[in-house]
There are 4 protein chains.
Amino acid sequence: MNEHRAGPVRSAAAREAILAATAKMFQAQGYEQLTIEGIAKEAGVGKQTIYRWWKSRGALIAECLTDGRLFPVDLVAKNSGDVIADIEEWVSGVIGILVSHNGESLLRSLVAAAAEDADVGDHLTLGMGVEDRLSERMRIGIADGQLPPDAPVTELAQAIIGALVIQVLTRANEYEGPMRQLIRFILAPRFA
Amino acid sequence: MNEHRAGPVRSAAAREAILAATAKMFQAQGYEQLTIEGIAKEAGVGKQTIYRWWKSRGALIAECLTDGRLFPVDLVAKNSGDVIADIEEWVSGVIGILVSHNGESLLRSLVAAAAEDADVGDHLTLGMGVEDRLSERMRIGIADGQLPPDAPVTELAQAIIGALVIQVLTRANEYEGPMRQLIRFILAPRFA
Amino acid sequence: MNEHRAGPVRSAAAREAILAATAKMFQAQGYEQLTIEGIAKEAGVGKQTIYRWWKSRGALIAECLTDGRLFPVDLVAKNSGDVIADIEEWVSGVIGILVSHNGESLLRSLVAAAAEDADVGDHLTLGMGVEDRLSERMRIGIADGQLPPDAPVTELAQAIIGALVIQVLTRANEYEGPMRQLIRFILAPRFA
Amino acid sequence: MNEHRAGPVRSAAAREAILAATAKMFQAQGYEQLTIEGIAKEAGVGKQTIYRWWKSRGALIAECLTDGRLFPVDLVAKNSGDVIADIEEWVSGVIGILVSHNGESLLRSLVAAAAEDADVGDHLTLGMGVEDRLSERMRIGIADGQLPPDAPVTELAQAIIGALVIQVLTRANEYEGPMRQLIRFILAPRFA
DNA sequence: CTCTAAGCGAGACGGTACGTCTTGTCTTGAG
DNA sequence: CTCAAGACAAGACGTACCGTCTCGCTTAGAG
């Protein structure tokens with residue numbers, strides 16, 4: 001039994017407190033205002049404990065993302081048989097979350113974090129769980145014959161989310177109408 | 001007896017030097033590393049001269065955007081008669097710029113700036129001139145009968161740009177193929 | 001034909017406003033807090049008008065001193081026939097002024113100004129009018145035979161004022177008693 | 001059991017470097033030109049480390065004073081048996097220091113610092129060690145019967161130093177003669 | 001009566017320093 | 001060996017003034 005390792009092992013309590021504090025402060029103040037010192041104080045933790053386990057602010061956010069700590073709800077697209085209606089409804093739900101309790105600034109902060117930190121960028125799709133929901137539902141639409149077999153579901157999901165992101169970044173004042181128009185057009189049935 | 005204001009007028013030389021320094025440093029180092037002190041030093045200007053005329057770092061970027069100082073080239077979509085081919089080619093061109101001389105990090109910085117500062121967000125579309133190029137070309141496509149009359153051109157442009165932004169944020173390793181697939185699908189001819 | 005000097009002459013109103021503002025702000029805030037910009041604003045005057053006529057903050061204070069704008073009262077030592085009693089009373093009066101309406105900080109500011117600016121130093125004695133009052137009275141004391149003919153009146157006045165200054169600088173909590181002791185001792189009658 | 005305080009302790013090296021830099025720059029440039037940033041740079045120290053331990057520029061000077069870092073020599077008044085001669089000689093020595101290597105401006109800076117900052121004022125006498133030397137010697141003079149038992153030694157010392165300060169502030173061009181006259185007069189033997 | 005050079009108020013300018021904040025590293029002593 | 005606490009060097013923040021420099025009046029002799 002070599003490989004002796006004295007002393008305490010990584011503190012689960014500290015990890016939890018740090019991630020909880022990060023998520024809370026990220027939601028409350030956004031990415032730019034988020035400081036390591038602030039998180040350490042809020043979590044009742046030494047700064048070094050953070051630096052020991054995460055290499056940057058972005059890595060913290062990334063872990064919060066994969067832990068699902070930044071999105072309280074996890075919308076799953078329902079299946080009513082009508083792919084366009086389902087996706088419209090799903091996007092409506094996302095917009096509803098955005099509009100109530102400043103989800104727009106949460107999204108903007110998330111985008112900022114992703115833009116500035118590769119770790120966050122890597123986990124963005126994953127964490128949002130968002131494109132997956134959409135592309136899954138569209139895949140079912142293909143199976144149902146409602147969408148053409150060659151529909152590039154991943155890219156379509158990116159386009160839908162991307163359009164919404166652009167609108168949020170440019171501070172559009174309405175999301176619902178334009179998004180509905182977009183979805184109806186790009187997913188409209190085609191006849192050969 | 002109108003509002004007379006004696007005294008020196010705003011220095012055009014200082015304004016020019018500041019914007020030039022901002023654009024140069026933004027491109028070289030990105031948004032997060034951009035500091036007011038750095039700009040002031042590079043421009044040979046007092047910090048107060050910056051704070052006198054711009055209320056934030058973001059306002060500076062926004063003005064650079066509207067002045068077209070952040071995008072060296074201004075791609076206009078050509079009209080070969082084939083709207084899909086033209087838009088594919090245009091997007092290819094944009095991707096080419098992104099890939100050479102770290103345009104990706106420029107775009108990421110721009111997105112970060114837009115996310116964190118409303119001024120930048122407001123000028124983003126305008127400054128990129130980007131959606132306009134696309135929607136213009138698509139409008140011609142409608143007139144030519146290549147796209148349906150009810151095609152939501154603004155939203156389609158947002159979707160195309162948005163998809164690209166998402167790919168850049170998530171550090172995709174290839175843009176060309178997915179974007180081509182997307183464009184071909186959403187702009188594909190439909191028959192009634 | 002030579003040495004023509006066209007144009008308006010120095011504005012008496014501006015000079016008055018500047019000196020008044022200087023005196024007021026010096027008394028209110030002390031020397032260290034006194035700024036040229038503050039004086040200009042208070043006087044309703046351009047900064048350049050101050051710099052045109054005075055070469056430094058100290059020169060302004062010096063002129064206020066010689067104009068007697070910094071000491072509201074101008075104590076003249078009375079002559080009751082008893083030189084020691086008269087000087088004690090005079091010093092008491094000065095202490096009274098010091099103690100009421102923060103004369104201590106006024107004196108400290110004055111000393112700071114004199115220490116940092118030769119102009120102020122040069123006018124300090126003159127402006128306080130202070131040593132003169134004392135040395136005059138002592139000269140009368142010599143004529144009366146109450147003080148020895150060889151008493152160095154200027155130096156004695158400096159010693160008395162200087163002792164008081166030292167006490168004010170070191171934030172002594174009582175001036176009256178020590179000063180009385182000092183005066184009584186150094187001016188005490190001597191017998192051959 | 002008691003008030004534990006973990007964490008690093010105050011760096012003695014930093015403290016030493018800061019005080020040394022302060023003393024050096026104070027002597028070289030005077031009080032008004034002394035800046036926290038300059039000290040930090042000279043000491044190779046962060047600004048915050050200064051602000052952490054001293055609340056003002058004055059507090060720094062005060063500590064230099066009590067550490068005896070501002071006066072290279074520490075004159076002790078000798079005892080030849082003749083109190084007047086000894087004090088004259090002591091004052092001569094002080095004047096000698098003043099006159100050579102711009103001790104006058106050092107003294108003026110010190111007075112400015114004392115005038116503007118209570119901390120410095122409080123430590124002025126102590127730090128100069130100066131009045132104490134004088135009053136000690138005078139106390140011996142009393143014991144020897146050369147001075148009257150009721151001579152107010154503290155106040156006399158203040159008067160002597162104060163007269164010198166006044167002369168330095170008013171930029172007198174000679175100290176030696178006047179100071180000798182003053183001392184001889186106020187300490188002259190008296191007969192009942 | 002016109003010309004013209006100065007004085008004036010206002011305030012922009014390139015700078016320096018302020019005192020605060022945060023970064024990421026290092027140090028201490030408890031557990 | 002980890003942890004909390006926090007000192008440290010570094011350096012940017014946004015503000016306050018410095019002393020100089022335009023601006024576009026408004027004067028007041030000289031021609």
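- Of the residues in residues 42-55 of chain C, those placing a heavy atom less than 4.0 Å from an atom of DNA chain F are C/Lys47, C/Gln48, C/Tyr51, in numerical order.
- As a whole-Å value, the separation of C/Asp117 CG from F/dC18 P is 14 Å.
- The side-chain heavy atoms of A/Leu65 and A/Phe26, taken from C-beta on, include no pair separated by under 4.5 Å.
- Only one option out of D/Ile18, D/Asp119, D/Val120 pairs with D/Leu60 in a side-chain contact (heavy atoms from CB on, under 4.5 Å); it is D/Ile18.
- One atom, CD1 of C/Ile36, and another, P of F/dA16, lie 18 Å apart when rounded to the nearest Å.
- Between the CD1 atom of C/Ile39 and the C1' atom of F/dG19 there is a distance of 14 Å, rounded to whole Å.
- Comparing D/Leu34 and A/Gly38 by the nucleotide of DNA chain E whose heavy atom lies nearest to each, the residue mapping closer to the 5' end is D/Leu34.
- Between the A/Arg108 side chain and the A/Val168 main chain, a donor and an acceptor come within less than 3.5 Å of each other.
- Summarising the geometry, the separation between CD1 on A/Ile18 and P on F/dA5 is reported as 12 Å, rounded to the nearest angstrom.
- Remark on DNA chain F: of its neighbouring residues D/Arg10 and B/Glu37, the 5'-side contact belongs to D/Arg10, judged by nearest-heavy-atom nucleotide.
- What separates CG of D/Leu60 from C1' of E/dA17 is a distance of 15 Å, to the nearest Å.
- Cation-pi geometry between B/Arg15 and B/Trp53 is not met: the NZ or CZ atom fails to fall both under 6.0 Å from the ring centre and inside 45° of the normal.
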- [ ] May I have the step-by-step check of side chain to side chain contact (heavy atoms under 4.5 Å, CB included) for C/Tyr31 and C/Asp117, ending in yes or no?
- [x] CA-CA 11 Å; C/Tyr31 180 68; C/Asp117 194 293; 4.3 Å; yes
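- Taking atom CZ of residue B/Arg15 and atom C1' of nucleotide E/dC13, one finds them 17 Å apart after rounding to whole Å.
- Look at NZ on B/Lys41: it is 13 Å from P on E/dA17, rounded to the nearest Å.
- In this structure, CD of A/Glu16 is placed 14 Å from P of F/dC3, rounded to the nearest angstrom.
- For C/Ser11, the side chain to side chain donor-acceptor pair (under 3.5 Å) test picks out no residue, with sequence neighbours left out.
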